[in-house]
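Contents: one structure, followed by commentary.
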Protein chains: 2
Amino acid sequence: MQSERLPTLEDVARVAGVSRSTVSRVINGIRNVDPQLHELVWSAVDQTGYVPNLLARSLVTRRTGTIALVVSDSETHDDDPFMSRFFSDPYFGRVVGGLMSVLRPLGVQLALRMVGPDGHKPLVGDLRNGQADGAVILSLPANDPLPGMLADARVPAVLIGRPASPIPISYVDLANETGAALAADRLVERGCRQLAMISGPAEVPASVDRDSGFRRALARHGHAWVPQRIGNFTQDSGEQAMRALLAAQPQLDGVFAANDLMALGALLALRDAGRRVPEDVAVIGFDDSSAAVAARPALTTVRHPLEDMAAEAARLLLARVDNPTAPVASIIYEPTLVVRQTA
Amino acid sequence: MQSERLPTLEDVARVAGVSRSTVSRVINGIRNVDPQLHELVWSAVDQTGYVPNLLARSLVTRRTGTIALVVSDSETHDDDPFMSRFFSDPYFGRVVGGLMSVLRPLGVQLALRMVGPDGHKPLVGDLRNGQADGAVILSLPANDPLPGMLADARVPAVLIGRPASPIPISYVDLANETGAALAADRLVERGCRQLAMISGPAEVPASVDRDSGFRRALARHGHAWVPQRIGNFTQDSGEQAMRALLAAQPQLDGVFAANDLMALGALLALRDAGRRVPEDVAVIGFDDSSAAVAARPALTTVRHPLEDMAAEAARLLLARVDNPTAPVASIIYEPTLVVRQTA
DNA sequence: CCAACACTGGAAAGCGCTCTCCAAGCGCAT
DNA sequence: ATGCGCTTGGAGAGCGCTTTCCAGTGTTGG
């Protein structure tokens, strides 16, 4: 148990018998300070149990050692509470894990910030005020003005997922079209004739890309039209979409789902309908989340290296924090097809 | 695009033609300020695009509007990077979602902080220095000194999961023993004769409680000894544990797993071994995570209201932040059995 | 032997904000 | 008129830290 007031630099200085500035220098390892004093100061620090007040330090250095992870919660209108769904989705966890893998060793903190449509201005203001050194922006609806605002405000920021319109801001993204095309090629190659797809919400840019990538690749193989149902990236919605698809197209023999969770749902629906996978119907998912490996039959899917992407986003961001004039950079990851049992 | 320097209170005051203090009062809604001035100040705020600097404010008010979510990463030694596993686990997401549901409407931020064994002192120091108003502590290994340190330092904190030894600190927890007993009773009631369990790591207090709860309940029903295998809460480990159990006890007809992921793994192993669930072997999991509903057959499990618990933890914490003399409170949630198809 | 020069340590000025304290202004009763 | 209590705005002291600037000291070359 300690006294009410915490020791400050001043206190340490008094104990060590030097000035505040000297203590500050020693603690920050700046300039050549007499080794004797150096030692003296450190022992005074130990003795007083001094811990620097990061708030005060940040106020003057304009550096906080914190990165904001900005999550859009524009979807909250749903009756199903958005938060539980979003945070429980493997997507969120993988991103956090990827970010942490680079932030943690550097001692950088992560601050979670949810922001609705009216929270944009305060957010940018706080960021400019140095609440965080930079921001990683997640899962933004298309045409959200935030990236533009961030760029204008010259706040170091990196998007995960490309911005809807070209904006001078760094981002990491996956070549979603290519990934979907991989799935299409595989399905066609297996000899599937009647294909269908389970898409994600149209507001999500990645969904749209996966859609068009799949369609375009199939068109190249001569499939003009592909029946489609839209889900919301949950397993449940995938299951329902699959049932609807099956009802409309009983002959279908190949399905591509825009994420693994929906693919898993599709697997269930197919099972219930007595279809064998992959013999009767081949299924390909997207993401290569842990659930894909765990499923039976194990899910063939498109690998989305989200952890790597998030880690890279963190690195890009930190680079820009250290050097604000660093060029804007965008990295597009190439997906790969992970063939397991369902296709 | 704005000028380099951000407007400060001073600037607003100059524009409005009043003093800094007056602007501060208006912005914080304090005291009776002449309505005319009030309006004048707000228009000056608009005009300058002023945003309060939270850092500076926190420095003097000693309030940050931020709660730290402390995650122990003592398990990192694993070759399998701890982070990806932990953050991807539904556990983490459910907690974050639960916390956010309370914090978000109040405008409180969440700061993620991972802390290893040697990070304890700095963490407590930062907390005392007002880096965050309080802390929610997650998934601590048994006998971690952190709760005690926090209590001694009088830092508002709430644990999720009870402390290993009695310490004057608030916490929310689940009656794990009761939950496990519920599972045991159900299994016995179904007529299972040869029971087994898949436990979690022994360092996790909740694991231990589920173990003893299950054992004790079975003992009441006359089962003296229960074969057991230990997993690490992943689906994979559950699958392996199940195989081992099956090899050792081919006759077994009922299994309790300490979490859903491991139960799901067990389901896979049972399937591979040609056992029907629940006809040949009944399975009960723990947590009622989303995967439990989604599994086929749908998993009978013990419901762990983690979101509610996290939300309550947030409320307890905020109460203590507002009133540091508020009594320490502990809330134990009662689990319920969710009967689905596997038992 | 003295000037020029590193080098070190201290004083003090802020970073942007809140909040206590005080002076000024006003209405009212004496 | 004068005194009193009340409201209201401003001046200024800090929150704990970094960092610039300067004085003092020891060191070297001319």
Side-chain angles (χ1 to χ4, degrees), chain A residues 3-42 44-45 48-66 125-131 133, chain B residues 3-42 44-45 48-66 122 125-133:
Chain A
S3 77
E4 203 46 58
R5 214 177 61 79
L6 267 65
T8 72
L9 257 197
E10 187 79 50
D11 299 320
V12 178
R14 196 172 324 114
V15 170
V18 298
S19 82
R20 221 168 50 236
S21 355
T22 305
V23 179
S24 175
R25 283 195 206 100
V26 170
I27 285 178
N28 295 302
I30 288 176
R31 280 260 283 264
N32 325 358
V33 177
D34 185 326
Q36 290 215 357
L37 277 195
H38 193 273
E39 195 131 327
L40 192 61
V41 168
W42 276 119
V45 167
T48 53
Y50 171 75
V51 176
N53 184 321
L54 267 36
L55 246 45
R57 176 181 292 178
S58 298
L59 184 58
V60 34
T61 58
R62 270 115 219 286
R63 279 297 222 87
T64 57
T66 295
D126 286 349
L127 252 22
R128 294 192 65 200
N129 266 330
Q131 269 275 94
D133 296 338
Chain B
S3 77
E4 203 46 57
R5 212 178 64 78
L6 267 65
T8 72
L9 258 198
E10 187 78 51
D11 299 320
V12 178
R14 197 173 322 114
V15 170
V18 297
S19 81
R20 218 169 52 237
S21 350
T22 305
V23 179
S24 174
R25 282 196 206 101
V26 170
I27 286 177
N28 295 302
I30 287 176
R31 282 260 282 265
N32 327 356
V33 178
D34 185 326
Q36 290 215 356
L37 277 193
H38 193 271
E39 196 131 328
L40 193 60
V41 167
W42 277 118
V45 166
T48 52
Y50 170 76
V51 176
N53 183 321
L54 267 35
L55 245 46
R57 176 181 293 178
S58 297
L59 184 57
V60 33
T61 58
R62 259 106 227 296
R63 280 296 223 89
T64 57
T66 294
D126 286 350
L127 252 22
R128 295 193 63 199
N129 268 328
Q131 269 276 92
D133 296 338

Quiz item: Using a cut-off of less than 4.0 Å, is there contact between a side-chain N or O of A:S19 and OP1 or OP2 of C:dG10?
Solution: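 Yes, because at least one side-chain N or O of A:S19 sits under 4.0 Å from OP1 or OP2 of C:dG10.
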
Quiz item: If you pin A:A56 and B:G17 to their nearest nucleotides in DNA chain D, which one's is more 5'?
Solution: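 It is B:G17 whose nearest nucleotide is closer to the 5' end.
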
Quiz item: Any chance the side chains of B:S21 and B:S24 put a donor and an acceptor closer than 3.5 Å?
Solution: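 B:S21 vs B:S24: no donor-acceptor pair found between side chains.
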
Quiz prompt | Modelled atom types, side-chain donor and acceptor of A:T64 and A:D133, under 3.5 Å | solution =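 A:D133 and A:T64 do have a side-chain donor-acceptor pair below 3.5 Å.
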
Check the distance between [N]'s [atom2] and [X]'s [atom1] and give it to me in whole angstrom.
X      : N      : atom1 : atom2 : answer
B:L59  : C:dC19 : CG    : P     : 12 Å
B:H38  : D:dG9  : NE2   : C1'   : 15 Å
B:Q131 : D:dC15 : CD    : P     : 19 Å
A:L9   : D:dG14 : CG    : P     : 18 Å
A:R63  : D:dG16 : CZ    : P     : 24 Å
A:L55  : D:dT18 : CG    : P     : 13 Å
A:L6   : D:dC17 : CG    : C1'   : 14 Å
A:L40  : C:dT8  : CG    : P     : 16 Å

Practice problem: Quick one: label B:L37 by what it contacts on the DNA or RNA (base, sugar-phosphate, nothing), any heavy atom closer than 4.0 Å. | Solution: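 Sugar-phosphate only.
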
Exercise. Specify the angle, to 10°, made by the local axes at the two ends of the helix from C:dC1-D:dG30 to C:dT30-D:dA1 when five pairs are taken at each end.
Key: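 For the helix from C:dC1-D:dG30 to C:dT30-D:dA1, the axes at opposite ends meet at about 60°.
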
Quiz item: With distance as the sole test, does B:T48 use its side chain to make a donor-acceptor pair with the main-chain N or O of B:P7 at under 3.5 Å?
Solution: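 No; judged by distance alone, with no hydrogens or angles, the pair does not exist.
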
Exercise. Apply side chain to side chain donor-acceptor pair (under 3.5 Å) to B:E10 and list each qualifying residue two or more places apart in sequence or on a separate chain.
Key: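 Side chain to side chain donor-acceptor pair (under 3.5 Å) check on B:E10 returns B:R20.
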
Quiz item: When you check every protein heavy atom under 4.0 Å of nucleotides 19-27 of chain D, what one-letter string (B, S, -) results, 5' to 3'?
Solution: BB-------

Quiz prompt | Side chain of B:R62 (C-beta onward), nearest among C:dC17, D:dC15, D:dG10 | solution =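 Ranking C:dC17, D:dC15, D:dG10 by closest atom to the B:R62 side chain puts D:dC15 first.
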
Quiz item: Can you tell which of D:dA11, D:dC17, C:dC17 lies closest to the side chain of B:R57?
Solution: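 Looking only at heavy atoms from C-beta outward on B:R57, the closest nucleotide is C:dC17.
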
